[in-house]
Enquirer: 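Just dropping this structure here.
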There are 2 protein chains.
Amino acid sequence: MASPAVPATGHPSVCQAREVLGRIGDKWSLYVISRLGEDTRRFTDLKRDVAGISQRMLTVTLRGLERDGIVSRTVYPVMPPRVEYALTPMGRTLLDTVGTLVLWAEDHVAEIDRARVAYDGASRSAP
Amino acid sequence: MASPAVPATGHPSVCQAREVLGRIGDKWSLYVISRLGEDTRRFTDLKRDVAGISQRMLTVTLRGLERDGIVSRTVYPVMPPRVEYALTPMGRTLLDTVGTLVLWAEDHVAEIDRARVAYDGASRSAP
DNA sequence: CGGAATCCGATCTGATACTG
DNA sequence: CAGTATCAGATCGGATTCCG
């Protein structure tokens with residue numbers, strides 16, 4: 001399989017803190033968690049709210065978060081399909097921290113931008 | 001160039017919150033920031049403290065954090081070389097949140113592990 | 001609507017070797 | 001000690017197509 005929705009780690013039941021950080025630290029996971037908040041959202045809602053995410057990455061991200069027990073997925077067997085996502089109790093314990101991190105990123109875009117320009121400028125003139 | 005230490009984004013001065021989240025959400029960045037804490041650390045100290053990081057990834061991670069103004073790098077022109085890393089004032093504003101996230105990951109490894117086993121078991125028996 | 005499957009170029013990363 | 005350079009294998013992620 002080339003791109004499984006939820007890539008097997010190969011060895012069940014031996015995950016490390018590093019793997020967990022890889023999941024929740026992922027930029028899309030951070031956005032999805034922060035956008036879910038306390039509410040229940042549908043796939044298309046999330047796709048609209050998380051600016052720039054592709055359908056594929058939203059699917060992959062949600063599957064990963066679901067597998068890790070951070071997000072719950074509820075399917076209503078109707079046509080057209082209706083699927084609702086929400087944070088699990090464990091996921092809700094992440095909300096404050098993740099929200100803070102996302103806000104920090106948004107608040108520091110300009111400052112980081114200046115730092116990058118300064119760094120790139122210095123390294124171009126240094127040699 | 002195949003693997004530049006700090007890959008140019010191509011367009012200076014137009015970074016997005018998503019890029020910033022990509023940097024600070026990176027699992028190695030999270031670890032490095034949390035291990036730096038309030039102290040000044042040397043390259044080898046960090047390599048020892050951040051379990052499992054390769055020399056290359058530590059270099060790449062530190063360069064990225066430096067470029068973004070989150071980490072400062074001080075070189076002492078002696079032999080053997082002595083280089084010290086520390087959080088900048090901006091980086092220090094991240095410390096609490098990042099520390100919380102890393103702790104969360106460490107605290108929830110077991111619970112996430114159980115969730116993965118349950119998820120994988122259910123999807124194997126479902127079809 | 002909410003996906004799954006596939007293709008495929010871009011990116012990442014570890015291993016290895018070399019250096020001031 | 002603290003890197004840089006290079007390469008090959010692994011992974012990521014967008015675009016596209018198809019489906020119930």
Side-chain angles (χ1 to χ4, degrees), chain A residues 1-10 18-19 21-23 25-29 31-32 36 40-67 71-86 123 126-127, chain B residues 1-10 18-19 21-23 25-29 31-32 36 40-67 71-86 123 126-127:
Chain A
M1 221 180 295
S3 280
V6 180
T9 38
R18 219 174 324 126
E19 275 183 63
L21 275 183
R23 170 81 65 209
D26 177 82
K27 63 182 175 189
W28 297 128
S29 294
Y31 266 124
V32 166
L36 273 174
T40 288
R41 320 289 316 262
R42 297 181 60 176
F43 188 87
T44 309
D45 296 334
L46 288 170
K47 178 127 169 41
R48 178 171 14 84
D49 290 353
V50 179
I53 197 169
S54 67
Q55 185 212 50
R56 177 180 148 75
M57 287 319 293
L58 182 54
T59 302
V60 171
T61 301
L62 284 169
R63 283 292 176 284
L65 291 170
E66 186 195 359
R67 184 167 103 105
V71 158
S72 67
R73 178 170 179 265
T74 311
V75 182
Y76 298 90
V78 297
M79 269 303 276
R82 178 182 186 87
V83 180
E84 296 193 331
Y85 293 93
S123 62
Chain B
M1 221 180 298
S3 280
V6 179
T9 39
R18 220 176 319 127
E19 275 182 64
L21 275 183
R23 169 82 64 207
D26 176 81
K27 64 181 173 188
W28 297 128
S29 295
Y31 267 125
V32 166
L36 273 175
T40 289
R41 319 290 317 262
R42 298 181 60 175
F43 188 88
T44 309
D45 296 335
L46 288 169
K47 178 126 170 41
R48 178 171 13 84
D49 290 353
V50 179
I53 196 170
S54 66
Q55 188 210 45
R56 179 183 150 72
M57 287 319 293
L58 182 55
T59 301
V60 171
T61 301
L62 285 168
R63 282 293 175 285
L65 290 170
E66 186 195 358
R67 184 166 102 104
V71 158
S72 67
R73 178 169 179 267
T74 311
V75 181
Y76 298 89
V78 297
M79 269 305 274
R82 178 182 185 88
V83 181
E84 296 194 330
Y85 293 93
S123 61

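Everything numeric here is computed off the predicted structure, so don't read it as measured data. Proteins come first, then strands; the chains are lettered A, B, ... in the order of their sequence lines, and each starts at number 1.
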Enquirer: Scan nucleotides 18-20 of chain C against the protein and return all N/O pairs shorter than 3.5 Å with their distances rounded to 0.1 Å.
Expert:
none

Enquirer: From the options C:dG14, D:dG14, D:dA2, select the nucleotide whose nearest atom is closest to the side chain of B:Trp28.
Expert: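 In terms of side-chain proximity for B:Trp28, the closest of C:dG14, D:dG14, D:dA2 is C:dG14.
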Enquirer: Which value, rounded to the nearest 0.5 Å, describes the distance between B:Arg82 atom CZ and B:Thr74 atom OG1?
Expert: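 B:Arg82 atom CZ to B:Thr74 atom OG1 measures 10.5 Å (nearest 0.5 Å).
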Enquirer: Check side chain to side chain donor-acceptor pair (under 3.5 Å) between A:Arg41 and all other residues, then give those that pass, not counting sequence neighbours.
Expert: A:Asp49
Enquirer: How long is the line joining CG of B:Leu58 and P of C:dT13, in whole Å?
Expert: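 Going from CG in B:Leu58 over to P in C:dT13 covers 13 Å.
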Enquirer: Taking only the side-chain nitrogens and oxygens of B:Ser54, find out if one of them lies under 4.0 Å from OP1 or OP2 of C:dT13.
Expert: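 So the side-chain polar atoms of B:Ser54 never come under 4.0 Å of the phosphate oxygens OP1 or OP2 of C:dT13.
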Enquirer: With side chains defined as the heavy atoms from C-beta onward, is the minimum distance between B:Ile53 and B:Trp28 less than 4.5 Å?
Expert: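 B:Ile53 reaches B:Trp28 side chain to side chain.
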Enquirer: Need the bend value for the helix from C:dC1-D:dG20 to C:dG20-D:dC1: angle between end axes, 5 pairs each end, nearest 10°.
Expert: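 Computed angle between terminal axes is 50°.
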Enquirer: Here's a test for you: under side chain to side chain contact (heavy atoms under 4.5 Å, CB included), which of B:Leu46, B:Leu65, B:Thr40, B:Val32 qualifies with B:Tyr85?
Expert: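 With B:Tyr85 as partner, B:Leu46, B:Leu65, B:Thr40, B:Val32 yield a single side chain to side chain contact (heavy atoms under 4.5 Å, CB included), made by B:Leu46.
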Enquirer: Provide, to the nearest angstrom, the distance between the NZ atom belonging to A:Lys27 and the P atom belonging to D:dC12.
Expert: 13 Å
Enquirer: Looking at A:Arg23 and A:Ser29, what are the two nearest heavy atoms and their distance?
Expert: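 Taking A:Arg23 first and A:Ser29 second, the nearest heavy atoms are O-OG, 3.0 Å.
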Enquirer: Looking only at side-chain N and O atoms, does A:Tyr85 come under 4.0 Å of OP1 or OP2 in C:dC1?
Expert: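 A:Tyr85 to C:dC1 OP1/OP2: no side-chain N or O under 4.0 Å.
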Enquirer: Could you state the atom-to-atom distance from CG of B:Leu62 to P of D:dT4 in whole Å?
Expert: 10 Å
Enquirer: Starting at CZ of A:Arg63, measure out to CG of A:Leu58 and round the result to the nearest 0.5 Å.
Expert: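 Rounded to the nearest 0.5 Å, the CZ-CG separation comes out at 9.5 Å.
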Enquirer: For A:Tyr76 and D:dG20, what is the distance between atoms OH and C1' respectively, to the nearest whole Å?
Expert: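 Distance check: A:Tyr76 OH to D:dG20 C1' gives 19 Å.
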Enquirer: Within this structure, what is the CZ-to-P distance between B:Arg82 and D:dA2, rounded to whole angstrom?
Expert: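 From B:Arg82 CZ to D:dA2 P: 8 Å.
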Enquirer: Could you state the CD1-C1' distance from B:Ile53 to C:dC12, rounded to the nearest angstrom?
Expert: 13 Å
Enquirer: Drop me the distance from A:Met57's CE to A:Asp26's CG, to the nearest 0.5 angstrom.
Expert: 6.0 Å
Enquirer: Is a donor-acceptor contact shorter than 3.5 angstrom present between the side chain of B:Gln55 and the base of C:dG14?
Expert: no
Enquirer: What is the minimum heavy-atom distance between A:Glu84 and A:Arg42, and which atoms define it?
Expert: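 Shortest heavy-atom separation between A:Glu84 and A:Arg42 comes out as CG-CG, 4.2 Å.
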Enquirer: Determine: side-chain N/O of A:Arg73 to OP1/OP2 of C:dG2, distance under 4.0 Å, yes or no.
Expert: no
Enquirer: Near DNA chain C, which residues from residues 42-52 of chain B have a heavy atom under 4.0 Å away?
Expert: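 Here the set is empty: none.
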Enquirer: Out of curiosity, B:Thr61 OG1 to B:Tyr31 OH, how far, rounded to the nearest 0.5 Å?
Expert: 13.0 Å
Enquirer: For A:Gln55, what residues pass the side chain to side chain donor-acceptor pair (under 3.5 Å) criterion, not counting sequence neighbours?
Expert: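 For A:Gln55, no residue satisfies side chain to side chain donor-acceptor pair (under 3.5 Å) once neighbours in sequence are set aside.
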Enquirer: Output the rounded distance in Å from CG (B:Asp26) to P (C:dT11).
Expert: 16 Å
Enquirer: Figure out the CZ/P separation between A:Arg56 and D:dA15, and round it to whole Å.
Expert: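 These atoms are roughly 12 Å apart.
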Enquirer: According to side chain to side chain donor-acceptor pair (under 3.5 Å), who are the partners of A:Arg48, at least two apart in sequence or on a separate chain?
Expert: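 Partners of A:Arg48 under the side chain to side chain donor-acceptor pair (under 3.5 Å) test: A:Asp45.
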